[in-house]
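Order of the sequence lines fixes the chain letters, A, B, ..., with proteins taken first and strands second; residue numbering starts at 1 for each chain.
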Amino acid sequence: MLDIKLLREKPDFVRERLATRNAGDESRVSEVLALDEQRRVALAEVEQLKAKRNAVSKEIGALMGQKKIAEADAKKAETRAIGDRITELDKIVAEAESARDTLLARIPNLPHGSVALGKDAADNPEIRVHGSRPDYAFKPLTHIELAEKLKLIDFARGAKLSGSGFLLYTGWGARLERALINFLLDLHTAEHGYREVAPPYIIGEHCMFGVGQFPKFKDQAYAVQEGLDGSTLGKLYLLPTAEAPVANIHREEILPGAQLPVRYVAYSPCFRAEAGAAGLGTRGMIRVHQFDKVELIKIVTPETGYDELEQLVTNAETVLKRLGLHYRVINLCTGDMGFSSSKTYDIEVWAPGQGSYLEVSSCSNCEDYQARRMNLRYKTEAGENRFPHILNGSGTALARLFVALVETHQQADGSVLIPEALRPYIGTDRISA
RNA sequence: GGAGGGGUGGCAGAGUGGUCUAAUGCGGCGGUCUUGAAAACCGCUGUGGGUGAAAGCCCACCGGGGGUUCGAAUCCCUCCCCCUCCGCCA
């Protein structure tokens with residue numbers, strides 16, 4: 001949520017920044033300000049009336065105490081009209097405020113000044129590249145072929161259980177998935193200073209609102225209800241990312257400034273309806289309804305927000321380096337950025353069998369946009385309450401990491417060599433048929 | 001699923017229609033005293049909003065929302081959450 005005060009004070013700046021997203025949201029600024037003005041006009045009047053009513057009520061109390069009933073009754077009659085007007089104005093204020101906030105909740109965050117201007121993914125600048133595309137003396141297989149030959153994933157039976165877009169990991173495949181999760185959690189807790197948390201996988205609507213998933217992307221979530229009781233529908237959702245519960249851990253709190261920075265790492269499965277998404281229904285692991293992810297979340301002071309973002313990306317990159325994978329880091333341009341983000345780096349890992357890069361991590365600084373939505377603040381040394389910056393990043397997403405790993409480390413004989421760092425976790429140096 | 005109890009400031013805890021401007025205690029901050037500290041004493045100590053250059057003034061908030069009333073922490077309705085016991089259950 002943007003700061004209403006920023007809209008009042010610098011509407012042109014807000015319009016200019018929103019316009020860089022190419023989504024047309026800048027036209028909403030005037031609507032929001034009109035409602036805000038309506039609210040304040042009515043509020044000024046109603047508060048004045050309330051002050052008067054409070055004074056008169058106190059007088060009535062005093063008169064009652066002195067048994068001057070007739071005088072008290074006269075005052076009561078006089079005040080009744082004020083009460084009616086207050087009821088009216090209260091309603092106007094509440095409606096204007098609700099309309100204003102509904103609009104405001106649908107306006108995305110402002111891109112940071114350092115973000116490249118651009119229209120879509122084609123305009124995303126490449127920041128750096130690690131390694132290079134490996135050469136193979138043979139034609140590299142796709143992860144689908146490898147997964148079937150090595151019996152890592154049973155695509156047909158996964159679909160039999162839950163439909164297209166759901167995976168059944170089997171044997172070494174299941175073991176590899178579990179090894180990756182443990183490797184990532186250990187890496188980020190032991191070497192990068194994150195605190196491990198394990199959140200609920202079913203979360204309240206307010207968590208989804210807090211991180212900016214709702215109201216705009218409601219159609220992308222799986223809603224759950226209790227049994228067949230439709231009245232419970234709309235309260236709880238399957239998490240689309242651990243960001244949703246973990247970023248909300250401290251919602252509606254005022255953290256002592258000394259407690260920052262807070263750094264959390266969490267493993268969770270992620271559930272996405274992917275309604276209308278390209279690539280859905282394509283065989284394989286690239287786009288599925290359920291995948292595992294290890295997520296990194298930071299709550300930090302605004303002064304350190306962007307340094308922390310750089311560190312966060314580095315932390316995610318370490319995963320790929322340790323696994324011997326070639327990747328590149330790109331910076332999402334203004335037109336390609338997510339709703340809540342001010343600045344986002346994506347990490348794309350090379351998948352030889354696909355012959356393309358796969359997005360395995362998205363690291364964002366949402367500045368105070370989410371903190372404001374969830375009313376999370378921290379107290380400065382001066383005793384002032386401020387909204388912290390909230391950052392999130394995948395560290396990393398698994399199904400695609402799995403793809404890159406098996407495709408990259410496949411051997412001429414059809415086996416997959418396990419990178420050194422992962423061997424203690426999986427308990428083998430090679431997966432063969 | 002059934003029965004019962006509860007939700008008040010950082011914490012504990014009073015308050016059941018009118019100086020509640022929420023008692024009191026603890027904790028915290030500042031001060032007096034002291035060589036220093038403790039004790040004692042004094043003062044301050046929540047959140048958001050409106051207005052204003054500022055100081056200030058005003059409004060709202062006792063789990064959320066709504067209602068009754070001139071006036072609600074207090075009465076009524078409704079929802080949420082927590083606790084205890086019973087049943088079922090990994």
task = Examine A:Arg322 relative to A:Phe183 and say whether NZ or CZ is less than 6.0 Å from the centre of the six-membered ring and inside a 45° cone about the ring axis.
result = no

task = For the side chain of A:Arg39, starting at C-beta, report the closest nucleotide among B:rG71, B:rG49, B:rU47.
result = B:rG49

query = Checking all strands, does A:Lys52 fall into the base, sugar-phosphate, or nothing category for heavy-atom contacts under 4.0 angstrom?
reply = nothing

inquiry  = One character per nucleotide, please: for nucleotides 72-80 of chain B, 5' to 3', B when the base has a protein heavy atom closer than 4.0 Å, S when only the sugar-phosphate does, - otherwise.
reply    = ---------

inquiry  = Of the options B:rA60, B:rU47, B:rU21, whose atoms approach the side-chain atoms of A:Arg377 most closely?
reply    = B:rU47

task = Describe, in one word, how the ring planes of A:His192 and A:His188 are oriented to each other, choosing from parallel (under 30°), tilted (30 to 60°) and perpendicular (over 60°).
result = tilted

message = Students often get this wrong, so: under 4.0 angstrom with heavy atoms, is A:Arg8 touching a base, only sugar-phosphate, or nothing?
response = sugar-phosphate

key: Nucleotide of B:rG50, B:rG18, B:rU21 approaching A:Ile60 most closely (side-chain heavy atoms)   = B:rG18

inquiry  = Among A:Asp25, A:Leu33, A:Leu2, A:Asp3, which residue satisfies the side chain to side chain contact (heavy atoms under 4.5 Å, CB included) criterion with A:Val14?
reply    = A:Leu2

note = Ranking B:rC70, B:rC59, B:rU47 by distance to the side chain of A:Ile254, first place goes to B:rU47

Among B:rC70, B:rC58, B:rU21, the one nearest A:Ala51 by side-chain distance = B:rC58

remark   = Output row for RNA chain B, stems defined as at least 3 consecutive Watson-Crick or G-U pairs under 3.5 Å, is B:1-7 with B:80-86, B:10-12 with B:24-26, B:27-32 with B:40-45, B:46-51 with B:56-61, B:63-67 with B:75-79

message = With no hydrogens and no angle check, just 3.5 Å: does a side-chain donor-acceptor pair link A:Asn109 and A:Ser341?
response = no

ask   = Under 3.5 Å, is there a donor-acceptor pair between the A:Arg430 and A:Ser415 side chains?
value = yes

Minimum-distance nucleotide to A:Asn385 side chain [options: B:rU51, B:rG49, B:rG48] = B:rG48

message = What I'd like to find out is whether the side chain of A:Gln290 reaches to under 4.5 Å of the side chain of A:Leu167, using heavy atoms alone.
response = no

request  = Report yes if the distance between the aromatic ring centroids of A:Tyr378 and A:Phe387 is under 6.0 Å, otherwise no.
outcome  = no

message = Please give the distance between the C1' atoms of B:rC81 and B:rG63 as a whole number of Å.
response = 7 Å

request  = Give the ring-plane orientation class for A:His112 versus A:Tyr306, where under 30° counts as parallel, over 60° as perpendicular and anything between as tilted.
outcome  = tilted

message = When the P atoms of B:rU8 and B:rC83 are compared, how many Å lie between them, rounded to an integer?
response = 14 Å

